[in-house]
Structure formats: structure tokens, C-alpha cells
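One structure is given below, encoded as C-alpha cells.
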Amino acid sequence: MIRVSDLIIRSGDFSLENVSFEVPGGAHAALMGRTGSGKTSILETIAGLRSLASGRIELAGRDVTHLRPADRNIGYVPQDAALFSTMTVARQVGFALEVRGARQTAIDARVAELAALLGIGHLLARRPRGLSGGEAQRVSLGRALAHAPPVLLLDEPLSALDDQTRQEMFSLLRRVREKTGVTVLHVTHNAEEARALADIVLQIADGELRVVNRGELTPLGGSRAFIDPTRAGDAG
Amino acid sequence: MLGGFYIALIVAMVFAEAYYTSPSRMLAMFRNENIQFAIKLSFVTCGITTILCLWVGAPLAYILSRWDDTPFARRLDRIALDPMIGRMRCGWWWIPVLGLPWLLLRMVRRPRAMVDALVDVPLVLPPLVVGICLLILFETPWLRAMQRVHFTLFGEEYSLRITYGVPAVIIAQFAVSCAFAVRTLKVTFDQISPRNEQVALTLGCNRFQAFWRVLLPEARGGIVAAAAISWARSLGEFGPILVFAGATRLRTEVLSTSVFLHFSVGELGDALAVSLMMIIAAVAIMATMRALDAGPQLS
């Protein structure tokens, strides 16, 4: 479960006021909005990577508002996958467990389990250089899921993929949710992704965050309220 | 064309140096007790200085690369600078009262830029001035008192004497070389996306672990380059060493000061032979480090 209450984010000339929403446990929520509307800022604040002016964030029933990212127990997949170039795929996927001091046998078993789920078994000995966009995102997803987080935060992970790979990732994400029961908050500007994957669609438009039905999804045309249009640009 | 001229100049300088030195002269210098000591001391001090430069330079370069001091500047504006400006606009008589504090606060408004500029100071100061500054610093009452301390360890008596000793050679090399290491490492860190460290934080790392386990391995090429440049710079350091550590035979004589000692008493051939040794050592170390960095990588 993700519960955000009265969240206020301010960064320079950008501000986002009184954002509140709730994603029930095991649901997949899409967070949509135009570039610069602040959707990535919301995601990064939930992840603990950006400071908040005020508000409250609960993840899986725990108040994490003032916790470090490491203590929030989340999985995070950024847009560019951000794979660690010096590590093999296997080490990368097991990294969260390695940091937590897990035994190597437990790490190997978890890596094998995730490799089977995500179809990356043949990539385990490779380094990120040379992986395709789809492969890189699968590895990034595996890395984010290794420590079995109850919440998965996706920041436009499919935006750079071709149509066929994107369709494959749709079914992969559905399978992951089915197998793990993870609650997903998925930032996207693509209505097709939201229709295909989301149970709940949250849309930032005209400076307001509102829940819309999937059937109501329209091309995004929200204004950049709360942002000085001449100086916006540091918000996602 | 102009670049080619510069490369030709470097090659011609080395060849001219080699032309006026014979292998027998170099062998004779290798057998000289003073030169053997200078070679040993140079390698030991350059090695220690390089380790120090990376140890100190990496965290400093990381801070300079990643620290965003904008929130600090905004807070300072809101709390102090803007109200002071407001007061001074109300009446000119506030200017003598608030002008100087305003100027001082304005100078520390961007601490990152200030530290960034300070790092460049040893690069722009004449080497002799760096040496004089170090000498004066270590002759201040507190540091002089510290250097008078003697202690016994495992039956041997030691002192904390720095000036005109081997520690002074290392400090003099470090004072200049570290700035080169910081500059090289900062450029490296600037080129690596902070996103990787952010992901590491969400995977359970604290800031130090993200730096140590994720950023440093990715910066391997830059670290090797920083080590190479620090080592080579330490080997070539002369002015600060001469002033701060002296050039005493079999005590603080390193290769660069050895060249000076030979040159100053008219032994040009010996000075050239030692110079050629330095060139060979510097080229060998740089080439080895580059080869190590360009080692095979599995994709």
C-alpha cells in the first residue's frame, strides 16, 4: 500500500502543493502528467531521493516520511535503467542482498529465481554494456525486486523501448505483480501503458492530482500550474 | 599542424637530452650512492604522496561534484542577505554598518564555488611560494612545539620533526599534487550520472557504500589517471621541496633536487643523466597505468 497525504514539494521555482492519494496493496497505479508537471518529483520523494517541504508518506503501513531511501524497503527502476557498468548482471541483481549481508548461496538462489521470472538467465554472466534497452530494463527490474520490496516505483521504464519490446514488458510486469503481489506506482506519459497495466490512473492536470477511469484517458493537456513556465525544467 | 609542432617539441627535447648523455654516464650515476638514495627516496615519497592524494582527493572531488549548495544560498538570502539589502535601501546610513557583513556573507554564499577556487590555489601559486608558505606554517609556535616532541617505540627514539626531513618532502609533494588529483577526479565524477548512486541508495546502501561500491569502481579510469598525474607531478616537484625540506645529501635529496645540486656545481653531464632517469621513470609509470586502465573488459 502507498499512502501519500498532503505532500508539498518545493525545489527552487518549482512547487507541488497538497498532493494526496492512496494505492491499495497489490495494485498497479499509473501516475500521468505532462513533462514538468512533477510526476517524477513525486516518485523521487516517495523513494526518499528528494526532500519534501511537508506531508506524510506511508509505505506498506509504515510511516517512512523521514527515513533514508535505504530504510524504506522499496524497489526503484529509473527511466535509463542506471545499471552499474562494472558489475555482471548476476552481481547486479543480487546487489541489494549483498549490501544486506546475505549469504552467497541465498543470493545465488534469489538471482536464479528472478532470472527465471524475468527471462534473463542467459545474461547473468554479462556486463551491462551491449545489452538492449529491453534487456537492460529487465535487469533493472530484477535488481529492484531482489530484496522482495512491498512497493515498486517505476519511472517511465518503457519510454525508450520499441512497440514489440514494450508489449513484452507489459506481460512481464503483469507476471511480476501476479507472482510477487508488489504494489506498483508507475510514472508514465503514455496512455497505452496506463490502459494496459494500471488498476488506478492518477493524472496531474491543471495543477491537480485526480483519479481518472482508464476509459477516460485523454491526451494530456494539463497546464503547468505551480511552476513558473519560464524557469521550469528541474522537475520530471 | 600546431598540435604537431608541440608534439615535435616534446620529442625533440627528450632526444636532445638523450643525445648529450651516454649509457656509461647513466650507469655510473646508478652506481653513485647519492643517486641510489635519491631514486629510492623519490619512489617511496611519490608512492606515499599518490596514495594520500587519492585518499584525500577522492572524497573532496566527490563533494565538489555532487554537493548542490543552492539551498544553502537561498536560505542565506532569505535569512540575512535580502533583509540587509532591504535595510540599506531604506537609508544610506545603514551602508557603513551593514556593508562589510553583507560583503562577507556574500562571499560565503556559494561555499562549493569557494572550495573549488581554493583547490586551484596551489596550481596558480609559484612553486617557491608554496614552499615558503609551508615553511612558515610549520614554524608557527604550535607546530614548532609539536615538532619538538620525541617518543620511544620498540626501543628506538623517534621525533615528530617535519621541516627539513622526509615528511617535509611528502607534504611539499602532496600540497601541489593533490590539486591535480582533485581536478582529474572531479571531471570523472561529473561524467558519471548520479542516478546510479540514487539507485544504490534505494537498494540499501548508505551514502558511503554508494560512493565506495558503485561510484568508485565506475570511476576506475579517472582514478588511474589521477594516480598517474599525482605520481608524475610528485616526481617533478622541486621548488617547495627545496625550500621546505632542503636538499641534503642522503637525507632529503630526491631526483629533482639532485638535478639541481649537480647543475649548481657545474656537473652538467650528471644533471642530464639524472634528468633522463626521471623522464624514463615518468614515462614508464604513465604508460603502465594507461595499460592497466585499458586492460581487457568483458562486455
Side-chain angles (χ1 to χ4, degrees), chain A residues 10-13 40 43-44 46-51 53 67-89 91-102 123 125-131 140 142-147 149 151-153 155 234, chain B residues 58 62 65-79 81-82 109-110 112 185 188-226 292-299:
Chain A
R10 292 197 184 112
S11 173
D13 298 312
T40 292
L43 197 82
E44 287 179 350
I46 294 171
L49 301 172
R50 186 183 274 266
S51 57
L67 294 186
R68 298 178 311 152
D71 299 327
R72 295 189 179 208
N73 202 18
I74 50 161
Y76 172 57
V77 179
Q79 186 175 3
D80 57 357
L83 298 179
F84 308 143
S85 65
T86 55
M87 294 183 197
T88 61
V89 167
R91 184 153 175 238
Q92 200 126 201
V93 173
F95 185 74
L97 299 178
E98 187 187 313
V99 171
R100 286 166 170 76
L123 305 173
R126 287 180 60 181
R127 284 177 204 266
R129 201 172 57 176
L131 294 183
S140 185
R143 184 178 60 182
L145 291 169
H147 53 296
V151 170
L152 182 62
L153 305 173
D155 189 4
D234 63 337
Chain B
Y62 177 72
S65 173
R66 296 289 192 259
W67 177 27
D68 178 15
D69 58 2
T70 313
F72 176 81
R74 285 181 197 280
R75 206 167 301 142
L76 194 65
D77 284 349
R78 200 175 56 243
I79 295 169
L81 291 169
D82 290 347
R109 185 175 175 269
R110 287 285 185 184
R112 191 178 67 130
L185 287 166
T188 306
F189 293 152
D190 284 346
Q191 287 168 352
I192 299 172
S193 164
R195 184 66 73 193
N196 290 12
E197 293 145 69
Q198 291 179 340
V199 169
L201 293 178
T202 66
L203 292 173
C205 287
N206 56 35
R207 285 211 169 270
F208 175 75
Q209 287 172 321
F211 171 73
W212 187 256
R213 288 171 174 246
V214 175
L215 183 67
L216 278 190
E218 304 232 350
R220 192 188 69 167
I223 292 168
V224 171
L292 281 175
D293 182 40
Q297 286 184 22
L298 293 171
S299 60

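Lettering of chains follows the sequences in order, A, B, ..., and the numbering in each one begins at 1. Only a predicted model underlies this, so the values are computations on that prediction, with no experimental measurement involved.
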Okay, A:Asp80 and chain B: the region with an atom under 4.5 Å from a heavy atom over there is side chain
Interchain contact, B:Ala210 with chain A, by part (heavy-atom threshold 4.5 Å): neither
Mind checking ring pair (Phe, Tyr, Trp, His ring centres under 6.0 Å) for A:Phe84 and listing every partner two or more places apart, or none if nothing turns up? A:Phe95
Heavy atoms, side chains only, cut-off 4.5 Å: are B:Thr202 and A:Arg72 in contact? no
Please report the interatomic distance CG(B:Leu201) to OH(A:Tyr76), rounded to the nearest 0.5 Å. 10.5 Å
What residues form a side-chain contact (heavy atoms from CB on, under 4.5 Å) with A:Ala70, not counting sequence neighbours? A:Arg68
May I ask you to name which of B:Gly204, B:Pro217, B:Ser193 has the most heavy-atom pairs under 4.5 Å with chain A? B:Gly204
Closest non-hydrogen atoms of B:Arg213 and A:Glu98, given as atom of the first, atom of the second and distance, are NH1-OE2, 3.1 Å
Please classify the contact of A:Leu83 with chain B as side chain, backbone, both or neither, using a heavy-atom distance under 4.5 Å. backbone
Between B:Gln209 and A:Val99, is a side-chain contact (heavy atoms from CB on, under 4.5 Å) present by the stated rule, with each step listed? CA-CA 9 Å; B:Gln209 287 172 321; A:Val99 171; 4.1 Å; yes
Of the listed residues (A:Val77, A:Asn73, A:Ile74), which shares the most heavy-atom pairs with chain B below a 4.5 Å separation? A:Ile74
Within 6.0 Å of CH2 in B:Trp67, more than 12 heavy atoms from elsewhere: yes
Which residue out of A:His147, A:Arg143, A:Met87 racks up the most heavy-atom pairs below 4.5 Å with chain B? A:Arg143
Has B:Arg207 got more than 12 heavy atoms of other residues, nucleotides or ligands less than 6.0 Å from its CZ? no
Given 3.5 Å as the limit, does a donor-acceptor pair link the side chain of B:Gln198 with the main chain of A:Leu49, or not? no
So what's closer than 4.5 Å to chain A heavy atoms on B:Glu218: side chain, backbone, both or neither? both
